[in-house]
Amino acid sequence: MTVPHPPFSPDEPLAYDPTAIESKWRARWLERGTHVTDLQGARPYYQLMMFPYPSAEGLHIGNLYAFTGNDIHGRFQRLQGHTVLEPLGYDAFGIHSENFALKVGVHPMELIPRNVANFRRQLDRAGLMVDWNRSVDTTDPSYYKWTQWVFLKLHERGLAYKKQAAVNWCPSCKTVLANEQVENGLCERCKTPVEQRQLEQWFFRITDYAERLLKNLDWIDWSESTRTAQRNWLGRSEGAELRFRVLDPLTDAGSAGVMVSQEVTSGAVVIPVFTTRPDTIFGATYLVLSPEHPALDKVTTSEQRTEVEAYRDAARLQDIVSRKVNKEKTGVFTGAYAVNPANGEMIPVWTADYVLMEYGTGAIMAVPGHDGRDFEFAQKFGLPIVRVVAAPGDTARTPLDACYEDDADGRLVNSEEFDGLAVGEAKARVTEWLTARGAAKPVTTFRLRDWCISRQRYWGPPIPIIYCEACGAVPVPERDLPVVLPNIPDYKPDDSGVSPLARHAAFYHVPCPTCGKPARRETDVSDTFLDSAWYFLRYPSVPRDDVPFDPEITKRWLPVSAYIGGNEHAVLHLLYARFINMVMFDAGLVPTEEPFLKFRAHGMIIRDGAKMSKSRGNVVNPDQYMDDWGADTVRTYLMFIGPYEEGGDFRDQSISGVRRFLDRLWASVRDATRDGAPDAEVMRKLHQTIRKVGADIAGLSYNTAIAAMMEYMNVLRRGERGSHVAEVEPLVVLAAPFAPHIAEELWEMLGHTSSIFDTHWPAVDEALARDDAFELVVQINGKTRGRVAVDREVTQDAALAAVQADAALAKFLTGPAKKVIFVPGRLLNIVL
RNA sequence: GCCCGGAUGGCGGAACUGGCAGACGCACGGGACUCAAAAUCCCGCGAGGGCAACCUCAUGUGGGUUCGAUCCCCACUCUGGGCACCA
């Protein structure tokens, strides 16, 4: 790592010395309580940043980028006269921490406080306006007591339930993995393909909220990319559920003329399928059941039983990678036939693993003519492919050498009375027709599934449930919270598929809260995402211990005014937080349905054109840079790199320009005089700058706000002219959100005794900001040829006259004007 | 495969709602100061042509709309990110 030496040597007299002034102001802020928020203060403004997972590596430059961007916005709002709450805490539970603890052989209860302390040290250096009186640590019993309470609230409202479900199991690490720890079907730690295991799990009914979660996306003020990601994740599909009757060989065999086993006595089995294309029903030439489909066993004929069971068992053991990624289609015929409800044709029933049990009904009608996957499957197994939609220019008999999936321009063919209908209309008409015949119903399906919150792990809040033989699953009474996570030495997960807590009778042997008989505690802990799904509700109410969030304070401080964070949390965290908040709203505990009316996703910082990673050796160590340049320079540089919502490339070489700006800011205040009057030209530029910087910060255009201040600095210091206090003092306020330490120091040098953050953002004097001189742009045939100095409110005729009077412009007027385009106050275009 | 971004000098990036392309910064070149160096200050800095005033070309590629396009439309190339057998 090469770091250019800072331009000023610290021992130069009267030079800007960030090390000295930054430690001075850290101490001063603490002593004065500058960052302590008065919760009763006027105009509350809740600035929220995503709390970090305190890794052993310490603060990442990406954390610093996120926090600085929030801090600037928060400080700016304070200067606008708001009472700003800008809290920060630690998201310290979870498998990341636990795995790291296992790796280094230090117990999480020892390791995590150490990491937290190191984070706190680094965060303190960054100059954040954080009110540490209102911090949270998710691993603190005083916090997770209420996480458990949140679980109980959901349980109380029927939104928590338990069922058998598949979990991700890493056979190498011998442990259950969270979904977020499976990357492309591989264990994030050891890259072993993940298997599925069936376990009893607690779920939250987030799917009950799918429609509301989707609908509100239309009006909340969020980054478009984040809203799109949530919409895709929710995955609403409108379509129909169609019913296919499987032929009963006893009653149907003769009439159907199909050889089916006499042993099959399934009776009238009906297979519902979900489709978004009911219009293609006449092209459905076979059915496919997922290998896990409960009816598979019932429909399979004895001839096919061995083969089907072998296929099903293979699928069950199969890892997720080979099942999901670009695999060639496989499948087995069940021996059964079903009736296509549209045309009465008999179609074979297959099972194949390209049909997922988790989505829709776990079965599909295959329309190989108009679905790529069905087409591939039908080709491989020689199943009939029928065209029922014709592209413009095609006829019913145009051969289908590839499937035709387009649903915008096609018209139905080979579909009896529906021939000729456009696809869109046909969807509705076919559904109506089949519904009338009892073979269909309109259905809306979501991709979203219920949220599995069980983790067979140690490092999390124990789920507050007690199992009693007599009373069943009994919630732990609120007065008994928290269920404290015991300090156990053997916290390593094992092959058994149960939590390490299940090895500790002292933990799980408890009396039933209802009947008092011996009972057993739930030994799973809850998902880390539950910890972070409600933390913003807790901050303002810290340190109250009798309620999770005080009703009065919550009403005053929620919803969050501005939330800025990484888009990697676009779906999981941000969706879970909306869900939990919505439940709390329904329970009358929070004032709004949506917790974050405004959310902005910031960009990502890369280094020298590449993603930062340890293996590349291009990780930026914030401590090092703050040592070399000072926190103010690092903060301002991070914001100057590029548009905040897009991120940018961190280059060592470029940081010096920002430091030079702060040096000049320092010098301009040090040398400023109160004698005489400020320069009118400079003051005009100043007021234009105040206007631009304010607008840019509000819109998170931090890079251009800094550029505007630099531009003003160039005017202010041109030719080393001495500056007037009136010219520099407002600039110090403009720079304060970015570089708070130097701003405080300069503010003090200017004779103020209270914090610069207790002052007000300078007002723009529009009269002063106005440019007297104005030049109208002149184009001839759309090409810019020059400018004429005229009055701003000049008329078209006067402007034309001015052009004719200007020799340099007049020479282009080689003929009569065919047309004149005049944009008042902007330009004149003469078309010859 | 699908969805969402992005492509502008040597580099990072500016440009209101379709109206002076290249703000600001870095790097680079020249000059002032200095015994010298650093720092600082000043000037220059898209390409080509011209002694010059100026002219021509230029915002990934090819078309289109418009008096006028970095901006809007169509097709394409490259690139970053997300989702991925979701019926």
Side-chain angles (χ1 to χ4, degrees), chain A residues 5-9 12 15 184 224-229 231-233 235 237 239 273-277 280 288 323-327 329 352-356 358-367 370-374 376-377 405 445-449 567-568 570-571 603-604 606 609 611 637 640-643 645-658 660-661 663-664 667 695 701 703-714 717-720 775-787 808 817-823 826-832:
Chain A
H5 195 76
F8 265 121
S9 68
E12 185 181 329
N184 291 322
E224 195 46 50
S225 58
T226 315
R227 291 198 290 181
T228 307
R231 280 196 193 98
N232 293 341
W233 186 266
S237 295
V273 306
F274 174 73
T275 180
T276 55
R277 296 293 303 272
T280 62
V288 188
R323 173 145 183 188
K324 283 196 174 168
V325 181
N326 291 331
K327 196 191 60 166
K329 296 278 180 289
D353 65 4
Y354 80 92
V355 175
L356 309 175
E358 305 87 62
Y359 185 77
T361 62
I364 60 154
M365 65 173 201
V367 184
H370 307 285
D371 180 281
R373 296 151 300 179
D374 297 344
E376 197 191 323
F377 190 83
E405 289 181 313
T445 302
F446 283 86
R447 202 194 81 108
L448 180 76
R449 317 227 185 104
N567 226 2
E568 68 273 16
V571 283
M604 227 178 50
I606 58 173
K611 219 173 186 172
Y637 174 60
F640 187 58
I641 289 175
E645 293 178 70
E646 284 167 38
D649 194 352
F650 189 105
R651 285 172 195 255
D652 287 356
Q653 219 180 29
S654 309
I655 198 167
S656 59
V658 166
R660 260 197 279 271
F661 168 68
D663 284 333
R664 298 177 88 195
S701 260
N703 57 332
T704 53
I706 296 164
M709 289 189 282
M710 287 172 164
E711 211 176 314
Y712 175 60
M713 180 63 76
N714 287 340
R717 299 284 289 173
R718 182 147 331 271
E720 286 184 306
E775 288 189 317
L776 187 75
V777 173
V778 178
Q779 297 184 340
I780 315 287
N781 289 330
K783 200 163 268 188
T784 303
R785 291 299 184 179
R787 271 153 282 182
K818 271 195 214 129
K819 192 174 176 183
V820 175
I821 289 105
F822 180 64
V823 184
R826 196 163 280 170
L827 90 158
L828 179 74
N829 185 8
I830 303 163
V831 186
L832 300 175

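A note on names: the letters A, B, ... follow the listed sequences, proteins ahead of strands, and every chain is numbered from 1.
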Roughly how many Å apart are [M] and [N], using the [atom1] atom of each and rounding to a whole number?
{"N": "B/G22", "M": "B/G12", "atom1": "C1'", "value": "13 Å"}
{"N": "B/A58", "M": "B/G5", "atom1": "P", "value": "28 Å"}
{"N": "B/C42", "M": "B/G46", "atom1": "C1'", "value": "23 Å"}
{"N": "B/G62", "M": "B/C67", "atom1": "C1'", "value": "24 Å"}
{"N": "B/U59", "M": "B/A21", "atom1": "P", "value": "12 Å"}
{"N": "B/C71", "M": "B/G18", "atom1": "P", "value": "11 Å"}
{"N": "B/U17", "M": "B/U61", "atom1": "P", "value": "25 Å"}
{"N": "B/G13", "M": "B/A7", "atom1": "P", "value": "9 Å"}

Mind checking [X] for me? I need base, sugar-phosphate or nothing, with any heavy atom below 4.0 Å counting as a touch.
{"X": "A/R227", "result": "nothing"}
{"X": "A/R231", "result": "nothing"}
{"X": "A/I364", "result": "base"}
{"X": "A/V831", "result": "sugar-phosphate"}
{"X": "A/N567", "result": "nothing"}
{"X": "A/D374", "result": "nothing"}
{"X": "A/F661", "result": "nothing"}
{"X": "A/E711", "result": "sugar-phosphate"}
{"X": "A/S237", "result": "sugar-phosphate"}

* Is any side-chain heavy atom of A/I655 less than 4.5 Å from a side-chain heavy atom of A/F640? -> no
* Asked: Heavy-atom distance under 4.5 Å between the side chains of A/V367 and A/R277, does that happen here?
  -> no
* When you match A/M710 and A/D649 each to their closest nucleotide on RNA chain B, which lands nearer the 5' end? -> A/D649
* **Nearest-nucleotide comparison on RNA chain B, the residue closer to the 5′ end among A/N232 and A/L827** => A/N232
Selection from [options] that lies nearest to any side-chain heavy atom of [X]:
{"X": "A/R718", "options": "B/C3, B/C43, B/A87", "result": "B/C43"}
{"X": "A/D353", "options": "B/C67, B/C85, B/A87", "result": "B/C85"}
{"X": "A/S225", "options": "B/G25, B/C20, B/C4", "result": "B/C4"}
{"X": "A/I821", "options": "B/C24, B/A27, B/C67", "result": "B/C67"}
{"X": "A/R660", "options": "B/U40, B/C67, B/G25", "result": "B/U40"}
{"X": "A/N703", "options": "B/A15, B/C67, B/G13", "result": "B/G13"}

* With distance as the sole criterion, do the side chain of A/K329 and the base of B/C85 form a donor-acceptor contact below 3.5 Å? -> yes
* Structure fact -> d(A/N714 CG, A/M709 CE) to nearest 0.5 Å is 13.0 Å
Take atom [atom1] of [X] and atom [atom2] of [N], then tell me their distance rounded to the nearest Å.
{"X": "A/E568", "N": "B/G80", "atom1": "CD", "atom2": "P", "value": "19 Å"}
{"X": "A/E376", "N": "B/G1", "atom1": "CD", "atom2": "C1'", "value": "12 Å"}
{"X": "A/M604", "N": "B/G81", "atom1": "CE", "atom2": "C1'", "value": "8 Å"}
{"X": "A/E358", "N": "B/A84", "atom1": "CD", "atom2": "C1'", "value": "14 Å"}
{"X": "A/F822", "N": "B/G18", "atom1": "CZ", "atom2": "P", "value": "20 Å"}
{"X": "A/L356", "N": "B/C83", "atom1": "CG", "atom2": "P", "value": "17 Å"}

* Asked: Under the side-chain contact (heavy atoms from CB on, under 4.5 Å) criterion, do A/V658 and A/M710 qualify, and how do the steps go?
  -> CA-CA 9 Å; A/V658 166; A/M710 287 172 164; 4.2 Å; yes
* N/O donor-acceptor pair under 3.5 Å between A/E405 side chain and A/G372 backbone -> yes
* Polar side-chain atom of A/Y637 near backbone of A/F650 as donor-acceptor pair, under 3.5 Å -> no
* Could you check if the base of B/G50 is syn or anti? Syn means the glycosidic torsion is within 90 degrees of 0. => anti
[N], OP1 or OP2 - any side-chain N/O from [X] closer than 4.0 Å?
{"X": "A/R664", "N": "B/C41", "answer": "yes"}
{"X": "A/R785", "N": "B/G19", "answer": "no"}
{"X": "A/T361", "N": "B/A87", "answer": "no"}

* Heavy-atom closest pair, residues A/A366 and A/D374 -> CA-OD2, 3.3 Å
Would you tabulate the pairs of protein nitrogen or oxygen atoms and nucleotide nitrogen or oxygen atoms of nucleotides 5-11 of chain B closer than 3.5 angstrom?
none

* **Donor-acceptor pair between A/R447 and A/N232 side chains, under 3.5 angstrom** => no
* To do: Anything below 3.5 Å on both distances counts as a pair; with that, list the stems of at least three consecutive Watson-Crick or G-U pairs involving RNA chain B.
  => B:1-7 with B:77-83, B:10-12 with B:24-26, B:28-32 with B:40-44, B:46-49 with B:54-57, B:60-64 with B:72-76
